[in-house]
Amino acid sequence: MDSLHSNADYDLRDSKVLESLWAMEENHFWFRGRNRFIRKALRSISDLQEGGRILDVGCGAGFVSGYLADLGYAVTGVDTASPLIKKAQERFPRLDFINARVGDLPESLRGKFNTLCFFDVLEHLDDPAGLLRAALPFGKSDCHIVVTVPARQKMFSLVDAASGHKKRYEQGELTQLFKQVGLQPLEDHFIFRAIYPILRARRRNIVVHNHAQLSAEERRDLLVSDTRSPVKPINLILDGLCAWEAKVGFPLRGGASLLGVARRVE
């Protein structure tokens, strides 16, 4: 399966939800924190130098693509949702964004990318392996794959369901997925460890059993509420904890997300 969005995802026609999501990307500690973890992972890839080519699959409105471009990488973003691609192009007009399924990218891009990235994409799919396979022809023969996904199924909540998430991943499942498509796993570890207890406690208060009974308006209000940034002092504290974790690590075994890295070997 090569689609990134389904009818189960948030309504891409709802401007209120989209505007809330875009505002959250600019201000919320979680998005800044995830960027730091991504940067650390990319810098651990020895053959990905400044100017290396990255394909950001499921790039959404381009928040991570723009960040990676600022780090010096040559980034191309692809997504099936035209409203998101339009916003990405408005935000970062110097970058290449393509509204398409990754398998339908131009033939001229085959074998061109050093790294294929999937940032909080695979959890939306019934067949994540299918998306990885569809993207692989566009990577070089020894390309790397970098993935982030939400972690811990016991944290699955109404927010996940309303966002179109099929599941939250357990540690080791990314390794299994990489092997399934013939990749060499290199990393599969938790991130957002420092704030995991806080996020877990918050999700406990959002029950999942009545998601099917939510009206469209209730579902929208839930998503808008969840996309609000914490008040500034709390946002800064949580941002600082994530920055500390990205720099020096954190001993807690759990985490709210997983980060995986693999390599294509032929």
Side-chain angles (χ1 to χ4, degrees), residues 21-77 88 91-92 95 114-123 144-152 155 168-169 171 174 185-200 202-203 226-262:
L21 286 168
W22 297 333
M24 179 177 68
E25 287 182 339
E26 299 293 343
N27 301 302
H28 201 285
F29 74 88
W30 187 89
F31 283 90
R32 291 199 293 267
R34 184 179 62 168
N35 277 352
R36 293 189 187 97
F37 294 123
I38 291 169
R39 177 181 63 188
K40 185 175 183 178
L42 291 175
R43 287 180 173 173
S44 73
I45 298 173
S46 60
D47 62 347
L48 184 61
Q49 306 300 321
E50 184 173 312
R53 298 190 68 176
I54 291 176
L55 181 63
D56 186 2
V57 182
C59 65
F63 181 75
V64 182
S65 295
Y67 173 76
L68 296 181
D70 287 342
L71 293 180
Y73 300 117
V75 184
T76 298
R91 276 170 151 177
F92 309 104
L95 301 185
N114 303 93
T115 305
L116 309 176
C117 296
F118 306 79
F119 301 129
D120 289 83
V121 170
L122 301 183
E123 68 273 14
H144 284 81
I145 292 81
V146 181
V147 173
T148 60
V149 290
R152 297 298 185 108
M155 286 180 62
R168 298 179 71 93
Y169 282 69
Q171 189 172 27
L174 286 179
L186 301 176
E187 295 184 39
D188 179 358
H189 62 81
F190 287 113
I191 55 176
F192 293 111
R193 296 182 180 191
I195 61 171
Y196 171 58
I198 299 170
L199 296 180
R200 183 180 176 188
R202 184 172 184 273
R203 286 299 176 99
D226 190 67
T227 56
R228 293 194 184 103
S229 294
V231 295
K232 190 171 182 179
I234 294 176
N235 202 48
L236 288 173
I237 291 170
L238 296 177
D239 185 50
L241 286 171
C242 293
W244 174 40
E245 179 187 342
K247 185 175 182 179
V248 302
F250 199 79
L252 192 67
R253 293 181 63 186
S257 296
L258 284 161
L259 187 147
V261 180

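For the single chain, residues carry numbers from 1 onward in sequence order.
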Heavy-atom side-chain proximity of R152 to Y169 below 4.5 angstrom | no
Return yes if some donor-acceptor pair links the side-chain N/O of R53 with the main-chain N/O of N114 below 3.5 Å, else return no.
-> no
With distance as the sole criterion, is a donor-acceptor pair present between the side chains of N27 and S229 under 3.5 Å?
-> no
Atom of L252, atom of P197 and distance for their closest heavy-atom approach | CD2-CD, 3.8 Å
Is there side-chain contact between M24 and F31, with heavy atoms separated by less than 4.5 Å?
-> yes
Any side-chain heavy-atom pair of L116 and I54 under 4.5 Å | no
Nearest 0.5 Å please: distance from the CG atom of D56 over to the CG atom of L68.
-> 6.5 Å
Verify, without hydrogens or angle tests, whether E187 (side chain) and G260 (backbone) share a donor-acceptor contact under 3.5 angstrom.
-> no
Compare all side-chain heavy atoms of I145 with those of V261 and state whether any distance is below 4.5 angstrom.
-> no
If you round to the nearest 0.5 Å, how far is CD1 of I38 from SG of C117?
-> 7.5 Å
Does the salt bridge (charged side-chain N to carboxylate O under 4.0 Å, His left out) test come out yes or no for D239 and R36, once each step is laid out?
-> CA-CA 10 Å; D239 185 50; R36 293 189 187 97; 2.9 Å; yes
Would you call V146 and F119 a side-chain contact if the rule is heavy atoms closer than 4.5 Å?
-> yes
For the side chain of R91 and the backbone of A61, is there at least one donor-acceptor N/O pair under 3.5 Å apart?
-> yes
Interatomic spacing from CD1 in I191 to SG in C242 - rounded to 0.5 Å | 9.0 Å
Closest heavy-atom pair, A151 versus G255, reported as atoms and distance to 0.1 Å, is CB-O, 3.6 Å
Taking all atoms of both residues into account, what is the closest heavy-atom pair of V75 and A69, and its distance?
-> CG2-N, 3.8 Å
Can you find a heavy atom in the side chain of V147 that is under 4.5 Å from one in the side chain of L122?
-> yes
Got a second to check how far E123's CD is from L258's CG, nearest 0.5 Å?
-> 10.5 Å
When rounded to the nearest 0.5 angstrom, what distance separates CG in L241 from CD1 in I198?
-> 6.5 Å
With a 4.5 Å heavy-atom cut-off, do Y73 and T115 have their side chains touching?
-> no
Is the F37 to F192 ring centre distance short of 6.0 Å?
-> yes
Pair F190-R253, side-chain contact (heavy atoms from CB on, under 4.5 Å): steps then yes or no = CA-CA 8 Å; F190 287 113; R253 293 181 63 186; 5.9 Å; no
From L71 atom CG to Y67 atom OH, the distance as rounded to the nearest 0.5 Å = 4.5 Å
Would a distance-only check, ignoring hydrogens and angles, find a side-chain to backbone donor-acceptor pair under 3.5 Å from R193 to F250?
-> yes
Decide yes or no on side-chain contact (heavy atoms from CB on, under 4.5 Å) for F29 and I195, but give the supporting numbers first.
-> CA-CA 11 Å; F29 74 88; I195 61 171; 3.2 Å; yes
Side chain to side chain donor-acceptor pair (under 3.5 Å) partners for D120, two or more places apart | R34, T148
Closest heavy-atom pair and its distance - K247, K40 | O-NZ, 4.3 Å
Note: S65 and L95 closest approach over all heavy atoms is O-CD1, 3.7 Å
Are any of the side-chain heavy atoms of W30 and L238 separated by less than 4.5 Å?
-> no
Do you know which two heavy atoms are closest between A88 and G60, and how far apart they sit?
-> CB-O, 3.9 Å
